[in-house]
Amino acid sequence: MTLLLFIIAVALCLPLGGVYLNKKKKDEAPRPTLDDLIDVNGEPNDIIVLDPLRGNEPDGAILVYADHIIYNGQRITKQDIRDVTFNNAAIPYFPNDYQIVLATRERTLHLPVGRDATWAQEVTVRLKREL
């Protein structure tokens with residue numbers, strides 16, 4: 001009897017699960033690539049790679065133009081940027097997780113750069129030079 005109830009429950013859940021997963025896949029928009037952002041915004045003056053493991057992704061690099069930068073599809077004018085620094089965002093007893101902190105007039109962005117402090121410092125210096 002228990003086996004029969006289990007088979008009926010599985011038979012009812014499988015179609016419902018398939019419908020749910022198909023709907024979820026349709027709702028997800030394809031994520032733009034770094035090349036898509038370059039095609040839309042034009043050739044940048046420079047590309048600053050934030051995380052070498054994700055350098056081809058929109059959140060792994062900054063596109064630098066004459067009067068603005070683009071990070072993850074967000075356009076930020078250079079005049080709006082107030083400060084650039086980096087810090088370790090990891091909690092104690094966990095591996096380092098450095099991020100660039102980009103303070104603008106309206107908000108503060110935290111850009112992940114990986115686990116290497118020297119790399120985070122070099123990216124920060126390079127970004128400050130471009131601004």
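FYI, the numbering just counts along the sequence from 1.
Within the 4.5 Å cutoff, side-chain heavy atoms of Glu43 are placed close to those of Ile38. In this structure, Glu130 and Asp46 have side chains that are in contact, with non-hydrogen atoms separated by less than 4.5 Å. Taking the side chain as every heavy atom from C-beta outward, Ile62 and Ile47 never approach each other to under 4.5 Å. The shortest distance between side-chain heavy atoms of Asp51 and Pro112 does not fall below 4.5 Å. Side-chain contact between Leu37 and Val40 is absent, with no heavy-atom pair separated by less than 4.5 Å. Ile76 has its side chain within reach of Thr104: a pair of non-hydrogen atoms, C-beta onward, lies under 4.5 Å apart. Using a 4.5 Å cut-off on side-chain heavy atoms (C-beta onward), Ile100 and Leu127 make contact. By the 4.5 Å heavy-atom criterion applied to side chains, Tyr65 and Ile70 are counted as neighbours.
Scanning both residues, Pro95 and Ala90, for their nearest heavy atoms gives O-CB, 3.0 Å. Here the closest heavy-atom approach between residue Arg82 and residue Gln79 is recorded as NH1-O, 3.7 Å.
Tyr71 and Val64 fall within the same hydrophobic cluster, where Ile, Leu, Val, Met, Phe, Trp and Tyr residues are linked whenever their side-chain heavy atoms come under 4.5 Å apart, directly or through other members. A single hydrophobic cluster is seen to contain both Val49 and Val84, as judged by linkage of ILVMFWY side chains at heavy-atom distances under 4.5 Å, directly or through other members. No chain of hydrophobic side-chain contacts below 4.5 Å, direct or via other Ile, Leu, Val, Met, Phe, Trp or Tyr residues, connects Leu111 to Leu63. The same ILVMFWY cluster, assembled from side-chain heavy atoms under 4.5 Å apart, contains both Leu109 and Val123.
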Please report the C-alpha distance between Ile81 and Ile69 in whole Å, then the side-chain angles of each, then the deciding distance to 0.1 Å, and finally whether the side-chain contact (heavy atoms from CB on, under 4.5 Å) criterion is met. CA-CA 10 Å; Ile81 297 172; Ile69 63 172; 3.8 Å; yes

Using the side-chain contact (heavy atoms from CB on, under 4.5 Å) rule, take Glu57 and Leu34 through it: C-alpha gap first, then chi angles, then the decisive distance, then the call. CA-CA 5 Å; Glu57 298 176 14; Leu34 197 61; over 6 Å; no

Let me see the working for Thr108 and Leu102 under side-chain contact (heavy atoms from CB on, under 4.5 Å), right down to the final yes or no. CA-CA 6 Å; Thr108 302; Leu102 190 68; over 6 Å; no

Candidate pair Asp67 and Lys78, rule side-chain contact (heavy atoms from CB on, under 4.5 Å), full reasoning: CA-CA 6 Å; Asp67 61 343; Lys78 289 182 178 180; 5.7 Å; no

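Looking only at distances, no side-chain donor or acceptor of Tyr98 sits under 3.5 Å from a matching main-chain atom of Gln121. The backbone N or O of Leu50 sits less than 3.5 Å from a side-chain atom of Trp119, completing a donor-acceptor pair. In this structure a side-chain-to-backbone donor-acceptor pair under 3.5 Å is missing from Asp83 to Ala103. Proximity of a side-chain donor or acceptor of Asp39 to a complementary backbone N or O of Asp36 within less than 3.5 Å is not detected.
Between Arg54 and Asp59, at least one side-chain N (NZ, or NE/NH1/NH2) sits under 4.0 Å from a carboxylate O, which counts as a salt bridge. Salt bridge status for Asp80 with Arg105: present, with a side-chain N to carboxylate O gap under 4.0 Å.
A side-chain N or O of Arg107 and one of Gln74 form a donor-acceptor pair less than 3.5 Å apart.
For Asp116, the CG atom sits in a packed shell: over 12 heavy atoms of surrounding residues, nucleotides or ligands are nearer than 6.0 Å.
Atom CZ of Phe86 and atom NE2 of His110 lie 15.0 Å apart (nearest 0.5 Å). Here CG of Asn88 is found 7.0 Å from CG of Asp97. Values are rounded to the nearest 0.5 Å.
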